[in-house]
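Every value quoted in this text rests on a predicted model; they were computed, and no experiment measured them.
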Amino acid sequence: EMDGIEFLERIREDCGIFPFILYTGKGSEEIASEAISAGVTDYLQKDTGSGQYELLCNRIENAVAKRRARRTYRELFRKLPVGLTIHDSETGIITGANGNFSEILGYDASALVGRHPSEFSPDDPRFDRETANQHLRRAVRDGSWTCEWKNRTKDGEEIWVDVTLRPATIDGRKRVLAIVQEITDRKERERELQTVKRKFETVFEYSNDAIFVVDVEADAIVDCNPAATDLVGYPRERLRSMAASDLHPHDLPEFMEFAESVLEEGNGWTDELTCYGKDDQPIPVEASAAVCEIDGKTCIINNLRERTGSG
């Protein structure tokens, strides 16, 4: 014969952890404390009247619902196709990590738990302990926070990750859940695009050819280079406020046909256009153009070179 607490301990040994409500007629603060220490899910003292059974049923339903919710959470934690870590909301220490996050860094989950995320980052003040904890505090304060972070894998490779932080209460404790996705390839593409952009800007600004960036649909000059201002005599800001067709008042059909051909084919060339500048004098030009996308708009980059020996 055994009491309820001894029965709980035997059940835990044989069957593991699942909801256990101690329903006893021997209630006291000492027994309640002992039951909580033993790990009961809930504690209820027997009473007279049928109301106690309804209360017991409610306690059972709540215990089972919480158990199912924890099981669902653990399943999601293991199976979601992104890296997940759980952090102490005050210290930032990792209290849990799923398999996907382990794969990202190349460590076993056991080697991650109990350590701070800054320990898996390069020696850089942008990714130190205090900066990491600032991000965690921001998430707790605002309800969510997203940042980009640099990690160092077990093999020593430096990688970029996108991190979304959300406060959560897990097993009664205040935590911060981190959703982590590697973005190293994306960051490399962004770096390459920035390099290309800088090169283009250099060519754009210092080219001897007049270059106009034209939004054909809006009939607008989006931008132009210094050589363009030299060609037509208008200052840059004035050109940016003009319609592209303003430069071709006497051969507008030819200009529109050329622009539409470039949009359709992706590029084009013609020597049958004439610009009119500030002094309203004709400027015969060769035009070489290609399609580009700027701020989500399809434009053409139109290179104009004055034809010599014309007329």
Side-chain angles (χ1 to χ4, degrees), residues 126 146-148 150 158-160 162 181-311:
R126 295 175 299 166
T146 299
C147 62
E148 292 180 351
K150 185 178 279 190
E158 292 188 0
I159 63 172
W160 283 96
D162 180 87
Q181 298 185 74
E182 186 179 353
I183 58 169
T184 305
D185 289 345
R186 190 188 82 191
K187 294 288 287 186
E188 180 62 22
R189 289 194 299 272
E190 289 175 355
R191 187 188 67 79
E192 291 173 354
L193 285 172
Q194 285 299 318
T195 300
V196 171
K197 182 180 179 182
R198 285 193 295 270
K199 289 180 179 179
F200 170 78
E201 288 172 348
T202 300
V203 171
F204 184 80
E205 290 296 323
Y206 295 101
S207 173
N208 290 326
D209 290 342
I211 303 176
F212 294 87
V213 181
V214 177
D215 182 342
V216 178
E217 183 179 353
D219 187 22
I221 298 173
V222 177
D223 202 0
C224 61
N225 70 345
T229 67
D230 292 340
L231 178 68
V232 296
Y234 289 109
R236 197 168 191 171
E237 289 305 314
R238 175 75 176 91
L239 284 168
R240 285 172 174 167
S241 67
M242 292 172 61
S245 57
D246 289 343
L247 298 179
H248 306 276
H250 301 299
D251 58 358
L252 186 56
E254 290 82 357
F255 170 71
M256 293 306 301
E257 182 180 357
F258 172 66
E260 289 169 5
S261 173
V262 171
L263 289 175
E264 183 176 344
E265 300 295 332
N267 58 77
W269 177 89
T270 182
D271 62 356
E272 298 180 353
L273 293 179
T274 301
C275 280
Y276 282 79
K278 187 176 182 181
D279 59 5
D280 203 30
Q281 294 299 309
I283 308 169
V285 293
E286 296 178 5
S288 177
V291 174
C292 69
E293 186 170 304
I294 298 177
D295 297 332
K297 294 182 178 181
T298 300
C299 300
I300 65 171
I301 298 178
N302 198 12
N303 289 39
L304 302 182
R305 179 179 296 176
E306 185 173 3
R307 297 199 313 269
T308 58
S310 299

Counting only heavy atoms from other residues, nucleotides and ligands, does the tally under 6.0 Å from CD of E201 exceed 12? yes
For the residue pair D223 and R236, establish whether any side-chain heavy-atom pair is separated by less than 4.5 Å. yes
Nearest-0.5 Å distance, OG of residue S288 to CZ of residue R305: 9.0 Å
Please check if any side-chain donor atom of T184 sits under 3.5 Å from a side-chain acceptor atom of E182, or the reverse. yes
R198 vs Q194 side-chain heavy atoms within contact, under 4.5 Å: yes
What residues form a salt bridge (charged side-chain N to carboxylate O under 4.0 Å, His left out) with D215, not counting sequence neighbours? none
L247 side chain reached by I221 side chain, heavy atoms, under 4.5 Å: yes
Could you tell me whether the side chain of R186 reaches within less than 4.5 Å of the side chain of E148, counting heavy atoms only? yes
Counterpart residues, salt bridge (charged side-chain N to carboxylate O under 4.0 Å, His left out), relative to E237 (two or more places apart): R240
Sub-3.5 Å donor-acceptor pair from the side chain of N303 to the main-chain atoms of A290, do we have one? no
CG (D295) with more than 12 external heavy atoms under 6.0 Å: no
Measure the CD1-CG distance between I283 and L231 for me, rounded to the nearest 0.5 Å. 4.5 Å
Between R189 and D185, is there a side-chain heavy-atom distance shorter than 4.5 Å? yes
Is any side-chain heavy atom of D246 closer than 4.5 Å to one of Y234? no
Of the non-hydrogen atoms in A287 and L273, which two are nearest, and what is the gap between them? CB-CD1, 4.1 Å
Say you draw a straight line from OG1 of T308 to CD of E286; how long is it, rounded to the nearest 0.5 Å? 8.0 Å
Do you know the tightest heavy-atom contact between F258 and W269? CE1-N, 3.6 Å
Answer yes or no: are there more than 12 heavy-atom neighbours, outside E272 itself, under 6.0 Å from its atom CD? no
Can you find a pair of side-chain heavy atoms, one from H248 and one from C275, that are under 4.5 Å apart? yes
Of all the heavy-atom pairs spanning T229 and P235, show the shortest one and how long it is. CG2-C, 4.1 Å
Measure the CE-CG distance between M242 and D219 for me, rounded to the nearest 0.5 Å. 10.0 Å
Please enumerate all residues that pass side chain to side chain contact (heavy atoms under 4.5 Å, CB included) together with V291, with sequence neighbours excluded. V262, L263, T298, I300
Is it true that, when you exclude E264 itself, more than 12 heavy atoms of the residues, nucleotides or ligands shown sit nearer than 6.0 Å to its CD? no
Identify the heavy atoms of S207 and I211 that sit nearest to each other, and give their distance. CB-CD1, 3.9 Å
Value rounded to 0.5 Å, distance of CZ in R238 from SG in C224: 11.5 Å
So which atom in A228 and which in F212 form the shortest heavy-atom distance, rounded to 0.1 Å? CB-CZ, 3.6 Å
For the CZ atom of F255 and the CG atom of N302, what is their distance to the nearest 0.5 Å? 6.5 Å
Evaluation steps, side chain to side chain contact (heavy atoms under 4.5 Å, CB included), between T274 and H250: CA-CA 8 Å; T274 301; H250 301 299; over 6 Å; no
For E158, I'd like to know if atom CD has over 12 heavy atoms of other residues, nucleotides or ligands within 6.0 Å. yes
